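Read the structure below first, then the notes.
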Amino acid sequence: MKIIDRLREDSIHISFEVFPPKTDEGFDKVIATVDAMAGLNPAFISVTYGAGGGTSKNTARIASHIKDDLHLLSLAHLTCASSTKEEVRRVIEDLKEHGIENILALRGDIPEGVRFPVEDRFRYACELVQEIRKHGDFCIGAACYPEGHVENEHKEDDIRYLKEKVDSGVDFLTTQMFFDNDIHYNFLYRIREAGIMVPVLPGIMPITSASQMKRSQELSGTVFPRRFLAILDRFGSSPAAMKQAGIAYATDQIIDLLANGVKNIHIYTMNKPDVAAAIMSNLSEIIKV
Ligand code: FAD
């Protein structure tokens, strides 16, 4: 089944995300993580893709396990900046052979020392979207950035390029993490005005430690609101308290989104089934309404 068909159903959908192991040794542990998450009945589970290509085969294997053994929808991420067009084509064919119908098409971060454009590499995610379309009837998701992508100085440019990307064949969008829902509502307003009408899944990252917050900030350039900084200030040095507060903060963001009519939400669960379970338990009655 295609994710876009699930998102069109008139009910609440909460999806999760896992990342593959860096080496084959960690594979069984990730499978155990995925199995634990499956019990929480997510709308789908997405599997990230190592930009260096090192974990590409594990992305397909884990996405297949989700689909074939757990009978859940899976979404395989795919990046293109670190690979040649031929390598990317082979991965798409491999996903097709695994029967994977849903791909999140990403450029990936530019590898160090590489200056684009590079002959024989896709330059932007929109080119990857067009390539995937040539290989079959996939449901294609893509990334978007409520606070703007770090490489782009002007948000207007970002939205213009996002429109081009969506028009190249994107079925739905997932946002970069954000910690102030007003930023998301404002972004939604601006992209709808620009004519981008596909479903947008807000991406919620539960921050459960001070070090995770630092990493998230470096990765996304997101702005942490004062309310979050106060939590970090007060509880950051106590791992158990920070974890509880981080789960509560993410739950609160999700409740606000649901209360404002958002139906599809993606949680960056990372490989933490306990965090996913705690949030789903907090929402147990809310998602029935
Ligand atoms: P693009 O859409 O190509 O955009 C990249 C930049 O180019 C933007 O600044 C955009 O405005 C600009 N741009 C686009 N088109 C044009 C144009 N025609 N002319 C000029 N400028 C243009 N990374 C991984 O390595 N693995 C993952 O699994 C992964 N999963 C992710 C999931 C989500 C939901 C998100 C939000 C990000 C994820 N990333 C992942 C990170 C992502 O790869 C990076 O943010 C990357 O820098 C941009 O990828 P993109 O697909 O958004 O690129």
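None of the values given here were measured: they were computed from a predicted structure.
D180 contributes atom CG, which lies 9.5 Å from atom OH of Y185 (distance to the nearest 0.5 angstrom). The distance from the CG atom of N181 to the CG atom of D256 is 4.5 Å, given to the nearest 0.5 Å. Residue N271 holds its CG atom at 9.5 Å from CD of E17, rounded to the nearest 0.5 Å. Put simply, OG on S168 and CD1 on I140 are 7.5 Å apart, with the number rounded to the nearest 0.5 Å. We find the CD1-CD1 distance between I265 and I14 to be 4.5 Å, quoted to the nearest 0.5 Å. From L201, atom CG reaches atom CG of L104 across 10.0 Å, with rounding to the nearest 0.5 Å.
Other residues sharing a hydrophobic cluster with F116 under the 4.5 Å side-chain heavy-atom criterion for ILVMFWY residues are I110, V114, V118.
A salt bridge links R160 with D157: the closest approach of a Lys/Arg side-chain nitrogen to an acidic carboxylate oxygen falls below 4.0 angstrom. No salt bridge links K155 with D158; every basic N to acidic carboxylate O contact stays at or beyond 4.0 Å. The existence of a salt bridge linking D167 and K163 is confirmed by a sub-4.0 Å separation between a basic side-chain nitrogen and an acidic carboxylate oxygen. The pair R6-E9 counts as a salt bridge, with a side-chain nitrogen and a carboxylate oxygen less than 4.0 angstrom apart. We find that E131 and K85 are not joined by a salt bridge, their nearest charged nitrogen and carboxylate oxygen being 4.0 Å or further apart. A salt bridge is defined here as a Lys NZ or Arg NE, NH1 or NH2 lying under 4.0 Å from an Asp or Glu carboxylate O, and D24 with K57 meets this definition. Using a 4.0 Å cut-off between charged side-chain N and carboxylate O, R107 and E151 make a salt bridge.
Side-chain contact of S11 with K263: a donor-acceptor pair under 3.5 Å is absent, judged by distance alone.
Looking only at side-chain heavy atoms (C-beta outward), Y249 and I207 stay at 4.5 Å or farther from each other.
Taking the centre of each ring, F44 and H13 stay at or above the 6.0 Å mark.
E218 pairs by the side-chain contact (heavy atoms from CB on, under 4.5 Å) definition with K214, not counting sequence neighbours.
Under the 30°/60° scheme for interplanar angles, the aromatic rings of F187 and H184 are found to be tilted.
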